[in-house]
Number of protein chains: 2
Amino acid sequence: MSNSKLYKGSLNTIILKLLNEHDKMYGYEITQKVKALTQGELNITEGALYPALHKLEAEGLLDVEVAKVDNRLRKYYKLTESGTKETVNKLEELAEYIKTMQTLMNPKLA
Amino acid sequence: MSNSKLYKGSLNTIILKLLNEHDKMYGYEITQKVKALTQGELNITEGALYPALHKLEAEGLLDVEVAKVDNRLRKYYKLTESGTKETVNKLEELAEYIKTMQTLMNPKLA
DNA sequence: AAATATACATAATTTTCTTATGTATAAGAT
DNA sequence: ATCTTATACATAAGAAAATTATGTATATTT
């Protein structure tokens, strides 16, 4: 994923936000999109991504739709209604996290 | 620590920065300082803190000095030279993390 | 006298990720 | 034609970081 441990716990937020933005995506597409957007900074590994997608689906935040393109399997994921709500929560949590960490790193301003 | 999973992986950064700011601190003091600075948002649990301090010490980033105050034990930790260097790295990593996540959350601006 | 705060510690478990491995098809390079 | 890389999924073993629970001990507040 990255040499920095700070990304631990961020994967679900990233997945949900990308699906919120792009309506429907498949796993491999997500890895490529993240790599492109971050200019290589962040590389989602398959061993992290696929279990995360399965868990989000099991929790009812994502729906799956299987497709065959060029004789190859694709599993398109999209947000459920509850997934859209959870995306909002995750974005709020990220904003709060950043605010809190900036407070801790810059205590003079607190 | 917090209901948000995003703090996973942030504890070392927080410890190092506090010690960089305050020169020497003991474990319990760190938990109270973090609680105060974040107004209760972040509560470092003992089960996370003490093993983290021991590990940072084992890695040579912290030095320990035992003291007895009011008949109670205190273990004061301070940064080693290598700990000070690592603090700079951690702060750079945090800045990079925030930048990357903001790019992902706000792709219009990328 | 009882409850809370101060101050340390560790063990069992859970969560999240890395690393390694596996299957299969398509496309590009030699 | 063959080899490598890319596309596309998956899981299993292990590591890392946290949670939750428990334990010890002293000081302070109710």
Side-chain angles (χ1 to χ4, degrees), chain A residues 1-16 24-36 40-59 61-62 64-77 90 93-94 97 101, chain B residues 1-16 24-36 40-59 61-62 64-77 90 93-94 97 101:
Chain A
M1 202 164 175
S2 159
N3 59 314
S4 167
K5 291 166 194 165
L6 294 170
Y7 290 95
K8 235 179 226 297
S10 309
L11 182 54
N12 285 347
T13 303
I14 293 169
I15 292 171
L16 292 175
K24 93 179 179 182
M25 297 181 86
Y26 55 101
Y28 185 76
E29 186 183 12
I30 291 175
T31 69
Q32 299 309 301
K33 178 62 80 177
V34 168
K35 194 188 293 186
E41 232 287 288
L42 199 55
N43 286 286
I44 309 289
T45 58
E46 295 159 303
L49 178 67
Y50 291 116
L53 287 172
H54 300 160
K55 188 157 183 255
L56 290 170
E57 188 202 344
E59 290 167 353
L61 303 183
L62 301 184
V64 195
E65 184 199 322
V66 179
K68 203 155 197 179
V69 178
D70 289 333
N71 205 34
R72 264 200 250 94
L73 190 74
R74 277 187 193 173
K75 287 195 172 178
Y76 282 99
Y77 290 91
K90 291 288 187 192
E93 279 181 16
L94 178 60
Y97 169 82
M101 289 301 283
Chain B
M1 202 165 178
S2 159
N3 59 316
S4 166
K5 291 166 192 164
L6 293 170
Y7 291 94
K8 251 176 215 295
S10 309
L11 182 55
N12 285 347
T13 303
I14 293 170
I15 291 171
L16 292 175
K24 96 180 177 181
M25 298 181 86
Y26 56 100
Y28 185 77
E29 186 184 12
I30 291 175
T31 68
Q32 299 309 300
K33 179 62 80 180
V34 168
K35 195 188 291 185
E41 231 289 287
L42 198 54
N43 287 285
I44 309 288
T45 59
E46 296 159 301
L49 178 67
Y50 292 116
L53 288 172
H54 300 161
K55 189 159 184 248
L56 289 169
E57 187 201 347
E59 290 167 355
L61 303 183
L62 301 185
V64 196
E65 184 198 323
V66 178
K68 204 156 197 180
V69 179
D70 288 333
N71 205 33
R72 263 200 249 94
L73 191 74
R74 276 186 194 173
K75 288 195 172 176
Y76 281 98
Y77 291 91
K90 291 289 187 190
E93 279 181 15
L94 179 60
Y97 168 82
M101 288 301 284

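These figures come from a predicted structure and were not determined experimentally. Just so we're on the same page: letters track the sequence lines, and every chain starts at 1.
- In this structure, the side-chain contact (heavy atoms from CB on, under 4.5 Å) partners of Lys55(A), at least two apart in sequence or on a different chain, are Glu59(A).
- Tyr77(A) and Glu29(A) share no donor-acceptor pair across their side chains, judged by distance under 3.5 Å alone.
- Expressed to the nearest 0.5 Å, how far CD1 of Ile44(A) lies from OG of Ser2(A) amounts to 10.0 Å.
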*At under 4.0 Å between heavy atoms, which parts of nucleotides 6-24 of chain C does protein reach? Answer with one letter per nucleotide, 5' to 3': B base, S sugar-phosphate only, - none.*
BSBBB-----BSBB-----
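- Here the side chains of Tyr7(A) and Glu41(A) are in contact, with some heavy-atom distance below 4.5 Å.
- Listed pair Asn71(B) / dA25(D) fails the phosphate criterion, with no side-chain N or O lying under 4.0 Å from OP1 or OP2.
- Looking at every heavy atom in both residues, Ala48(B) comes nearest to Leu11(B) through O-CD2, 3.6 Å.
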